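For reference, the structure discussed in these notes is given below.
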2 protein chains.
Amino acid sequence: MLSVSAGEVRPSHAPIGMAFPLDAHHAARPLEFVDVTKRACSTCSIRSVCLPPDLTAAELTRLDSIICSSRHIRRGEALFRSGDTFQSLYAVRAGSFKTVVMHRDGQEHVTGFQISGETLGLDGVCSDRHNGDAIALEDSVVCIIPYAQLEAICREMRSMQRHVHRMMSGEIVRESDLMMLLGTMTAGQRVAAFLLNLSARFRARGYSAAEFNLRMTREEIGCYLGMKLETVSRMFSKFQRDRLIDTHGKEIRIVDLEGLEQV
Amino acid sequence: MLSVSAGEVRPSHAPIGMAFPLDAHHAARPLEFVDVTKRACSTCSIRSVCLPPDLTAAELTRLDSIICSSRHIRRGEALFRSGDTFQSLYAVRAGSFKTVVMHRDGQEHVTGFQISGETLGLDGVCSDRHNGDAIALEDSVVCIIPYAQLEAICREMRSMQRHVHRMMSGEIVRESDLMMLLGTMTAGQRVAAFLLNLSARFRARGYSAAEFNLRMTREEIGCYLGMKLETVSRMFSKFQRDRLIDTHGKEIRIVDLEGLEQV
DNA sequence: CGTCTCGTTGACTGGGCTCAAACCGAGTGG
DNA sequence: CCACTCGGTTTGAGCCCAGTCAACGAGACG
């Protein structure tokens, strides 16, 4: 069951831009102590996640020249909101976000969670306005990628063009996987798929695949998976009883990965 | 309620390529009688739907040179299938398609329906392979847009680059709207949103917004909306009783648009 | 300490699924 | 012409999963 958005992580055509050293995500020290603005794509420790592999030194320098600024967002604050004019893409360097689309009647739905090394803002390209909110789940830092300049670079550098297109297409594929999850799976399967997907993404970025902290509440998870927070909680409890996972609040340890895949 | 994927049709950054004269979609005469291969983007009757508005004559000629071929697909046949190597995008010129993602265990989910003037194939960019199947719902014709050449053009023509990026982003936004539908709406709301969305898309292309034929079965609609065919049928019957619509099999007439919006 | 947010658990309800039967229209063939 | 099939659709009856409402517990914080 449920390999879709779970088992495999798709080829990671994630963001353009920089990201933190790998241990920063779970580091306890306050963000202000890390001098982020000095970093550049060319020296970024996880640039293999963000950039196409085949860039020349000259191309890297060119990139450094446009992606120079970063921004700190405190927990609960918005990186952008629905309706904001679209100017830049963002690469998560540290921390994590949720993206939310809202209805005028107050209904809202979480369309995704982004951890370090992933991209935000592609929804704004089509109408020059953002289509939803991006909210920090913890104190976070993003690289700012001015979109106009990125487009210019794509016209010059074929590999960057390819990379950006793959990023966009990857987003499309990711969403259609999620649609399948929402359209066809039971509550248990959704939660299992969610955990497996998160696990794979952490592994792909060098963190532990078996043990991690959820930065989002049960309600946010439910809102993402199309169910109520109580149901999410029940599923966690059930998986615990079945010895598939071990949870204490937001701490998760995956005990039986195969079992979880077969839910 | 439910404007998201229903009420408004987003700024139509639909496909690059040509499309049929407006009446062809519902025409009864066999497709073979229409000489599609002679048409070019520059003379296409609905190029305003497919192309950016600000192209010079020279640019149009350039386009004509790459988008020259079309392909006929018979009802039930596949334009491409999951796993096929990705080479081209497709613009629907006549007819309609569904896109389907399948699971190894046989579970399948319809991720979208495409009518004339809309695009297919963007899912393939990210991994050089198509991620799902595209199946013709009736005998159909598509324009073939070789992707490598499209990328080249995007590096030359800023307006085409913009257009392609908007198309991709539009797909992302459309899918996140659909996710909201799947994640938060009741069966009745989903069916209403589906009908309103279809209606708006027909109107945008010059067809009647109030009366149209569904080219897909109840089962396909259900698979798209995340519910069983019986439930779809029941909702149609309910809307009929409530004097919101008028149905005879696949023929639909929207009687009370506002009522449908308020479901 | 009280307050507040978040998480867990239980009891009850109901919307949508399952199973089943019948209907309808389009072909198809006698 | 009718009979027959067949895919798609409609409708009903019963059931179950997940939503709702509610109480309570745990931890963070002033």
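Values below: all heavy atoms of this structure, side chains included; hydrogens, waters and symmetry mates excluded. This structure is a prediction, so every number in the text was calculated from the model and none was measured. Every chain is numbered from 1 and lettered A, B, ... according to where its sequence line falls, protein lines coming before strand lines.
At the phosphate of dC17(C), OP1 or OP2 sits under 4.0 Å from a side-chain N or O atom of Thr231(B).
Taking a cutoff of 4.0 Å between a charged side-chain nitrogen and a carboxylate oxygen, Glu77(B) and Arg74(B) do not qualify as a salt bridge. Between Arg75(A) and Asp139(A) there is no salt bridge, since no side-chain nitrogen of the basic residue lies less than 4.0 Å from a carboxylate oxygen of the acidic one. Between Glu118(B) and Arg205(B) there is a salt bridge, with a side-chain nitrogen of the basic residue lying less than 4.0 Å from a carboxylate oxygen of the acidic one.
Heavy-atom distances under 4.0 Å link DNA chain C to Lys250(A) of residues 238-252 of chain A, given in residue order. Residues of residues 217-230 of chain B that place a heavy atom closer than 4.0 Å to DNA chain C, in numerical order, are Gly226(B), Met227(B), Lys228(B), Glu230(B).
Residues meeting the ring-ring contact (aromatic ring centres under 6.0 Å, His included) test with Phe236(A), sequence neighbours left out: none.
Using the six-membered ring where Trp is involved, His130(B) and Phe80(B) have ring planes that are parallel, under 30° apart on the 30 and 60° scheme.
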Handout entry: Audit row: Gln114(B), Thr119(B), side chain to side chain donor-acceptor pair (under 3.5 Å) steps and yes/no
Key = CA-CA 7 Å; Gln114(B) 293 77 29; Thr119(B) 324; over 6 Å; no
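One can find a donor-acceptor pair under 3.5 Å joining the base of dG12(D) and the side-chain atoms of Arg234(B). Under 3.5 Å, the side chain of Arg190(B) and the base of dG16(C) form no donor-acceptor pair of N or O atoms.
Judged purely by atom type and a 3.5 angstrom limit, Ser233(A) has no side-chain atom pairing as donor or acceptor with the backbone of Thr231(A). Formation of a donor-acceptor pair under 3.5 Å by the Glu220(A) side chain with backbone atoms of Thr217(A) is found in this model.
Looking at which nucleotide of DNA chain D each of Ser237(B) and Arg75(B) is closest to, the 5′-most match is held by Arg75(B).
Atom P of nucleotide dC17(D) and atom CD of Gln189(A) are separated by 12 Å, given to the nearest angstrom. One can place CG of Leu214(A) at 10 Å from P of dT8(C), the figure rounded to the nearest angstrom.
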